[in-house]
Protein chains: 2
Amino acid sequence: MFSKATEYALRATIYISQKSSVEKKLSLTEIAEAIDSPPSFTAKILQLLTKDNCVIHSVRGPNGGFYITEKDKHLPLKKILEAVNENDLFDKCILGLKKCSETKPCPLHFQYKPIKQELIHLFQTNTIQDLSEKADNESLFINNAI
Amino acid sequence: MFSKATEYALRATIYISQKSSVEKKLSLTEIAEAIDSPPSFTAKILQLLTKDNCVIHSVRGPNGGFYITEKDKHLPLKKILEAVNENDLFDKCILGLKKCSETKPCPLHFQYKPIKQELIHLFQTNTIQDLSEKADNESLFINNAI
DNA sequence: TTAATTAAGGACAAAAATACCTTTAATTAG
DNA sequence: CTAATTAAAGGTATTTTTGTCCTTAATTAA
């Protein structure tokens, strides 16, 4: 479904949202360990998320690390997909046809359409906070229960 | 959503289903041109589909080529995904967590579940024939209208 | 001010997916 | 039987994705 990069981005953001605050920043090492991802690659992905402070914030130096503001917790998951350039995922034709459209639909177009809508809806309506609350309740990511 | 390999497999099968019969086999060249795919790569994918006659049949030599039987047109699209080893696509956790399950769900698990079910349903209930009929009606693949 | 710590940024490496090419095998027509 | 045609099979090349490493910049604490 998603690329590794996107999976790590979503998992990292959920974890950061659960555990961080302006007072308590998380190091790359902790994040990568918690979400079971390669640290160096994860660093690259976090760079995309911190670019222009779009989702995550970062501070260098001792006691530095990554964190998210309360305000940004209300961003939809879609924002994360955009940050890692996987936003057009749900726009594409399921058969990969460039010219597939409402007027020139592929054979799966109208059956896939409502499913696509639900996927878009899922990522537009769920906020980062929504997900991190669920993760809390359901104890995923906690104690490395991956 | 799908890999290029899977897209080509689906498109090729639909095209073969529309245009071929035991009497009228289609050459690799014709298929690749019609579905707008790289011929050599398409050849590899067709090999997967013809392996053990699982979906498509092939005959070598003059007037040889690829075709599908009426019987095999009633196979579900799922069969094509299996042939190109992309069958587990809809089994995986959307966040890529190995341990995600009903009892230990990821934060998106229960929201993604019904969508996943619809995707599975789509590929299990639609047959190759269903799709090629739609393609006929909606004129995709016809006259290279890709 | 200096040393330590942490992310940023760039270059590089490995793996996987995609695409190409050449030879071989099967089949058919002459 | 021979030549032509077409897919099968294997190896190779390219591109993309994934992953690593090293140096630089920022920040903090002593």
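No experiment lies behind these values; they were computed from the predicted model shown. Residue numbers start from 1 in every chain, and the chains themselves are labelled A, B, ... in the order their sequence lines are given, proteins ahead of strands.
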**Student:** How close or far is atom C1' of C:dT6 from atom CG of A:Leu46, stated in whole angstroms?
**Tutor:** 13 Å
**Student:** Between A:Asp36 (CG) and D:dG19 (P), how many Å, whole number?
**Tutor:** 10 Å
**Student:** In chain order, what residues pass the salt bridge (Lys or Arg N to Asp or Glu O under 4.0 Å) check against A:Glu70, with sequence neighbours excluded?
**Tutor:**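 A:Glu70 satisfies salt bridge (Lys or Arg N to Asp or Glu O under 4.0 Å) with A:Lys73 once adjacent residues are dropped.
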**Student:** Is the NZ or CZ atom of A:Lys116 positioned over A:Phe90's six-membered ring, under 6.0 angstrom from the centre and within 45° of the axis?
**Tutor:** no
**Student:** Using a heavy-atom cut-off of 4.0 Å across all strands, would you classify A:Thr50 as base, sugar-phosphate, or nothing?
**Tutor:**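 It contacts sugar-phosphate atoms only.
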**Student:** Tell me, for nucleotides 15-26 of chain C in 5' to 3' order, what letter each nucleotide earns: B for a base near a protein heavy atom under 4.0 Å, S for only sugar-phosphate near one, - for neither?
**Tutor:** ---BBBB---BB
**Student:** Identify, with sequence neighbours excluded, every residue that meets side chain to side chain contact (heavy atoms under 4.5 Å, CB included) alongside B:Ala83.
**Tutor:**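 Testing B:Ala83 for side chain to side chain contact (heavy atoms under 4.5 Å, CB included), a comparison that skips the adjacent residues, returns B:Leu49, B:Cys54.
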**Student:** Can you tell me the distance, in whole Å, between the CG atom of A:Leu28 and the P atom of D:dC21?
**Tutor:**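 In whole Å, D:dC21 P lies 13 Å from A:Leu28 CG.
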**Student:** Roughly, in whole Å, what's the span from CD in A:Glu30 to C1' in C:dT5?
**Tutor:**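 Computing the A:Glu30:CD to C:dT5:C1' distance gives 16 Å.
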**Student:** With both distances under 3.5 Å as the test, what is the Watson-Crick or G-U wobble partner of D:dA30?
**Tutor:** C:dT1
**Student:** Within the 4.0 Å heavy-atom criterion, would you say A:Leu26 contacts the bases, only the backbone, or no part of the nucleic acid?
**Tutor:**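 Since only primed, P, OP1 and OP2 atoms lie under 4.0 Å of A:Leu26, the category is sugar-phosphate.
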**Student:** Could you tell me the separation between the CD1 atom of A:Ile56 and the C1' atom of C:dT6, rounded to a whole number of Å?
**Tutor:**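 Rounded to whole Å, this separation is 17 Å.
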**Student:** Would you say that B:Asp130 contacts B:Thr125 through its side chain, given a criterion of any heavy-atom pair below 4.5 Å between the two side chains?
**Tutor:** no
**Student:** Just to verify, what does A:Lys113 make a salt bridge (Lys or Arg N to Asp or Glu O under 4.0 Å) with, not counting sequence neighbours?
**Tutor:** A:Glu102
**Student:** Rounded to the nearest angstrom, tell me the gap between atom NE2 in A:His57 and atom C1' in D:dT27.
**Tutor:** 18 Å
**Student:** To the nearest Å, how far apart are A:Phe66 CZ and C:dA7 C1'?
**Tutor:** 6 Å
**Student:** Examine D:dA8: is either OP1 or OP2 under 4.0 Å from a nitrogen or oxygen in the side chain of B:Ser58? Give yes or no.
**Tutor:** yes
**Student:** CG of A:Asn85 versus P of D:dT17: gap in Å, rounded?
**Tutor:**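 Atom CG in A:Asn85 sits about 10 Å away from atom P in D:dT17.
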**Student:** Who are the salt bridge (Lys or Arg N to Asp or Glu O under 4.0 Å) partners of B:Lys78, not counting sequence neighbours?
**Tutor:** B:Glu82
**Student:** Applying salt bridge (Lys or Arg N to Asp or Glu O under 4.0 Å), can you list everything that pairs with A:Lys44, at least two apart in sequence or on another chain?
**Tutor:**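 Expected list: none.
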**Student:** Is A:Gln47 near enough to C:dG9 that one of its side-chain N or O atoms lies under 4.0 angstrom from OP1 or OP2?
**Tutor:**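 Yes, because at least one side-chain N or O of A:Gln47 sits under 4.0 Å from OP1 or OP2 of C:dG9.
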